[in-house]
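Numbers restart at 1 for each chain; the letters A, B, ... are given by sequence-line order, proteins then strands. We use all heavy atoms of the structure for the numbers below, so side chains are in, but hydrogens, waters and symmetry mates are not.
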Protein chains: 2
Amino acid sequence: MRPTVHDIAAEAGVSLATVDRVLNRRPGVKAATRMRVEAAIAAIGFVRDMAAANLAKGRVYPFTFILPSGDNSFMRGLERHVREAMARPSADRVAISLVIVPPFDGAAVARALDAAIAAEPAGIAVVAVDAPDVVEAALRVQASGIPLVTLVSDLGPSCRDHFAGIDNHAAGRTAGSLMRRFVGQERATIAVLAGSMLVRDHRDRLDGFRAALSGTCRLLPVLEGQDDPAATERLIADLLARYPDVAGIYSLGAGNRGLIAALQRHNRPRPRAVIAHELTPHTRAALEGDLIDAVLNQDAGHEVRSAIRVLKAKADGIPAVEAQERIRIDIFLKDNLPFADDADGLSLRPSGAASGAN
Amino acid sequence: MRPTVHDIAAEAGVSLATVDRVLNRRPGVKAATRMRVEAAIAAIGFVRDMAAANLAKGRVYPFTFILPSGDNSFMRGLERHVREAMARPSADRVAISLVIVPPFDGAAVARALDAAIAAEPAGIAVVAVDAPDVVEAALRVQASGIPLVTLVSDLGPSCRDHFAGIDNHAAGRTAGSLMRRFVGQERATIAVLAGSMLVRDHRDRLDGFRAALSGTCRLLPVLEGQDDPAATERLIADLLARYPDVAGIYSLGAGNRGLIAALQRHNRPRPRAVIAHELTPHTRAALEGDLIDAVLNQDAGHEVRSAIRVLKAKADGIPAVEAQERIRIDIFLKDNLPFADDADGLSLRPSGAASGAN
DNA sequence: CTGTTAGCGCATTCAG
DNA sequence: CTGAATGCGCTAACAG
C-alpha cells in the first residue's frame, strides 16, 4: 500500500498535525522538526492523495465564466462545455456561475467583470473583447487579487494571468500553407473573409495568413462581414461574380453560414480551395458536402477544461505549467472528421436545463 | 452543499447502510424500501462523490500493459506515457505493470498475455500483433473474464473489449486527400512506403489511401521496408533514382528515419508531397526542415489514458461510452506543430527510472 | 511550537 | 432484511 501521513508521522516521530503543517507549508514548525519531516517524506516516497485531501478540505472553487450571447455556433458550443463542467458530478469541486453578455459589446463585458469582482469568486474566465474599458475592468480584477483567464479571445498579456486559446497567428499561417498547397498554381487570386478587424484573433489570423502566403499569391482586399450571415452571403456572392478566377477563400471569422449559403447558390464551379475556422454543425456539413475543403479548429472542450485547471492552480497559488496548457490547432478534412457526438459542441441537441444526466 | 448519503437516508427514513445497498445494487433490501430510497435519490438529485467512494473502498485497479521493445520512436513515446500514468500520484488508483516484448513477435505477445492472465489483473492493454497465436491468447484472456483493450494496433473486434487507437482506414483516406491536393496535377505518380503488410494498421491505411486516390493518381507498387532505417533508405534512394517524376511519397509505417535520410541525401528537388505518420522527434525535425509536408498523428497520451479509462469502466461493469473514447487523427504541418514538451513522447529526455517527480 | 480529536462522503463489517 | 459503528487519507479546530 502507498505510504500515508501516518507512516511519515511515525518515521519522523511527530504527530499528524505537524506532518500536515509541513505538507501544506504552514508556519508554526521548528526548522529542525520540519527538516526531519521532510527527510521522512523523501525517504518513504510519500505522495499525497489529493482526492482525500480535497475531501477533507471540503473546498470548492467558485468560478465565474463570462461568454457572449448570439447565434455564433462556436460560442454556443463553448457554452455547452461550460454547462457540462457545471453539471459534472465528478472530481472537480468547481462551482461555476455562468454570465452571458451581448456579443462584441465591450461595455457589457466590463460591467460583467465588475459584477463578478463583487461576488468574490476564486477566479474568472472571460471571452474578451479587445476594448479599453474591458482592459480597465480586467486590471481591476487583477487588482482585487482574483485570477483572470481570457478564453478564445485574448487581451494584452499584462491584463490577465493566462490565455486559454490558440495561437491565432500560427493558425493563420497554417491556413496559408494549406491554401498555397491546395490552390496549386503560383500567383493565384485569394480572398479573405473576416468578421471584424476589431477583434484580436481575427487580426492575428490575417497576419499569419499573409505571412505564409507572402509573394506567392494575390490577396484581394479583406472582406468584413461582421459575422452576419446575410451580409456575408452578399459579400461572397459579389466576390464570386466579380472575380471568376478566385482560386481560394479563407474565412477566418465566424461568418461561415453566409459563406456556405453563397457557395451553395453559386452555379459555376466553386473556388478550388475554401478554408474556414471552427468545426460547427454548419462547417461540418459543408465539409461533408464538399463545399469547404478544410476547417481549422480549436477544441472548445479543451479550452474550458484548461481554463478551469489554470484557475484552480492560480487559486491554490501553484504556478500552473503554461506549456502544458497550450491549445492545439486542429485541422479537419472531410476524411478525419471526429464523430458528431464527441465533446465539440457539434451535436445539435439543446444545451438547456435538462443536462443533469451526463 | 451537494446532497450526501445522509440527506437521502433522512429523506427516505432509512439508515446509511440501506442507502449504500441500493446505491451499489446489492441484495438484501425489501423492494418497497428500495423504491423509497430510489425515490429519495431522484427527488433530492443525489450524485455520488466518486472520490470519497474510492477512498472508502481503498480499491486499486491492477492493470497490465504489454508494449513492444525496439527503437520505434512512437512506441517509446507510448511507453513514456504509460510510465507517466504509473507514476501519477493523483486520482487514478491505478497500478500498472508494464511488460515489454520483442516487436512483431506474435509468440512473445501471446506468452506475455498468458503470463498476465496468471497475475489476475483487473485489465490488460496490449499493442497487438495480428497473428493467430495472439488471437488465441486474447480469447483465453476473455475467457478468464479479464477485460482486454488493444492499443494502437488492433485484433479482430471479437477478440477484445475495446480498441484504443485511430481508425486507420480513415487515416489513409486523409493522407490520400491531402496527397491529391498537395501534388496538384492529375495522374501524378505516387509511391507508398510501408513497414509490413502483415500488420493490420498498415493494411488499413493503405486501403484508405488507395480509396481516396482511386482514379486520380498512379500508385507505384508498395515498398516494404520492415520499418528498418537502412533498408528503407535504400528503397527510397532507389525509388528516387528510378522514378524522377515521382510527385508524392506516403510513408504509412514507422520507417521515417530511413525515408528522411534518403531525402536528405537526394540532391535533386524532392517530390512535391511527402506525408508520414506519427509525430516523433525525427518527423518533427523533418517537418521543420521542409523534408516532410504533413504528418498524421495519433496522440499516444490520449490513447494510454483512454485505455485506462475504458479498462476501469469495464472492471467496474460500467458500459463505457464507446463514442467518447474515439481517438482523433491529428494533422500537423510545419505551421501548427505543438510544442515539443507537450504530452506527445516528443521530448528526448530518457523515460527511465527517475520519473518520480512529475 | 506540537499533539489530540473530530470530521469530509462513502463503504463495510457486525449486530439486531 | 435493516441499522450502528468504524475507517479510508487527509485537514482543521482546539488544546496543551
Side-chain angles (χ1 to χ4, degrees), chain A residues 1-38 40-41 44-61 88-95 315-318, chain B residues 1-38 40-41 44-61 88-95 315-318:
Chain A
M1 231 16 230
R2 247 166 54 177
T4 77
V5 279
H6 291 92
D7 301 320
I8 132 168
E11 174 83 10
V14 295
S15 79
L16 290 184
T18 303
V19 172
D20 186 69
R21 289 192 184 94
V22 350
L23 233 39
N24 293 299
R25 316 192 176 308
R26 261 176 311 206
V29 184
K30 216 188 334 186
T33 322
R34 152 157 299 155
M35 311 216 69
R36 276 226 316 288
V37 173
E38 277 166 350
I41 290 177
I44 215 172
F46 168 86
V47 276
R48 171 227 242 92
D49 181 333
M50 281 307 279
N54 285 332
L55 173 59
K57 277 207 265 258
R59 166 155 204 188
V60 293
Y61 301 81
R88 187 152 34 220
S90 65
D92 299 17
R93 306 212 160 269
V94 163
D316 288 340
I318 303 170
Chain B
M1 231 17 231
R2 248 168 53 179
T4 76
V5 278
H6 291 92
D7 301 320
I8 130 168
E11 175 83 12
V14 297
S15 78
L16 292 182
T18 303
V19 172
D20 186 71
R21 287 190 185 96
V22 351
L23 233 39
N24 293 300
R25 318 189 173 307
R26 260 174 314 201
V29 184
K30 214 185 339 182
T33 320
R34 151 157 300 154
M35 311 216 69
R36 276 225 319 288
V37 174
E38 276 165 352
I41 290 179
I44 214 172
F46 169 86
V47 276
R48 193 214 308 267
D49 181 335
M50 282 307 276
N54 285 331
L55 173 58
K57 278 206 268 253
R59 168 158 202 185
V60 293
Y61 301 82
R88 188 153 33 222
S90 66
D92 301 18
R93 306 210 159 270
V94 162
D316 287 339
I318 302 170

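For the pair Asp20(A) (side chain) and Leu16(A) (backbone), a donor-acceptor distance under 3.5 Å is absent. Judged purely by atom type and a 3.5 angstrom limit, Arg36(B) uses its side chain to pair as donor or acceptor with the backbone of Ala12(B).
Rounding to whole angstrom units, NE2 of residue His6(A) and P of dT11(D) are separated by 12 Å. The distance between atom CG of Asp7(A) and atom P of dC8(D), rounded to the nearest whole Å, is 11 Å. In this structure, Arg48(A) places its CZ atom 11 Å from C1' of dG9(D), rounding to the nearest Å. Distance, Leu55(B) CG to dT11(D) P: 12 Å, rounded to whole Å.
Look at Arg2(A) and you won't find any side-chain N or O under 4.0 angstrom from OP1 or OP2 of dC8(D). Taking side-chain N and O atoms only, Asn54(A) has no distance below 4.0 Å to OP1 or OP2 of dC10(D).
Listed in residue order, the members of residues 15-23 of chain A having a heavy atom less than 4.0 Å from DNA chain C are Ser15(A), Ala17(A), Thr18(A), Arg21(A).
Rounding to the nearest 0.5 Å places NZ of Lys57(B) at 5.5 Å from CE of Met50(B). A distance of 13.5 Å separates CE of Met35(B) from NZ of Lys30(B), quoted to the nearest 0.5 Å.
Both Ala53(A) and Thr33(B) lie close to DNA chain D; mapped to their nearest nucleotides by heavy-atom distance, the more 5′-ward contact belongs to Thr33(B). Toward the 5' end of DNA chain C, the nearer of the two residues Pro3(B) and Val14(A), judged by each one's closest nucleotide, is Val14(A).
Shown here for Tyr61(B) and Asn54(B), the closest heavy-atom pair between the two residues is OH-OD1, 4.4 Å.
Bounding nucleotides for the chain A contact on DNA chain C, 5' to 3', at a heavy-atom distance below 4.0 Å, are dC1(C) to dG9(C).
Across all strands, Gly28(B) comes closer than 4.0 Å to base atoms (heavy-atom distances). As judged by a 4.0 angstrom heavy-atom cut-off over every strand, Arg34(A) is placed among residues making no nucleic acid contact.
Using a 4.5 Å cut-off on side-chain heavy atoms (C-beta onward), Val37(B) and Val29(B) make no contact. For the pair Thr33(B)/Val22(B), no side-chain contact is recorded, criterion being any heavy-atom separation below 4.5 Å from C-beta on. The closest side-chain heavy-atom distance from Arg48(A) to Asn24(A) is below 4.5 Å.
Heavy atoms from other residues, nucleotides or ligands lying under 6.0 Å from CZ of Arg25(B) number 12 at most.
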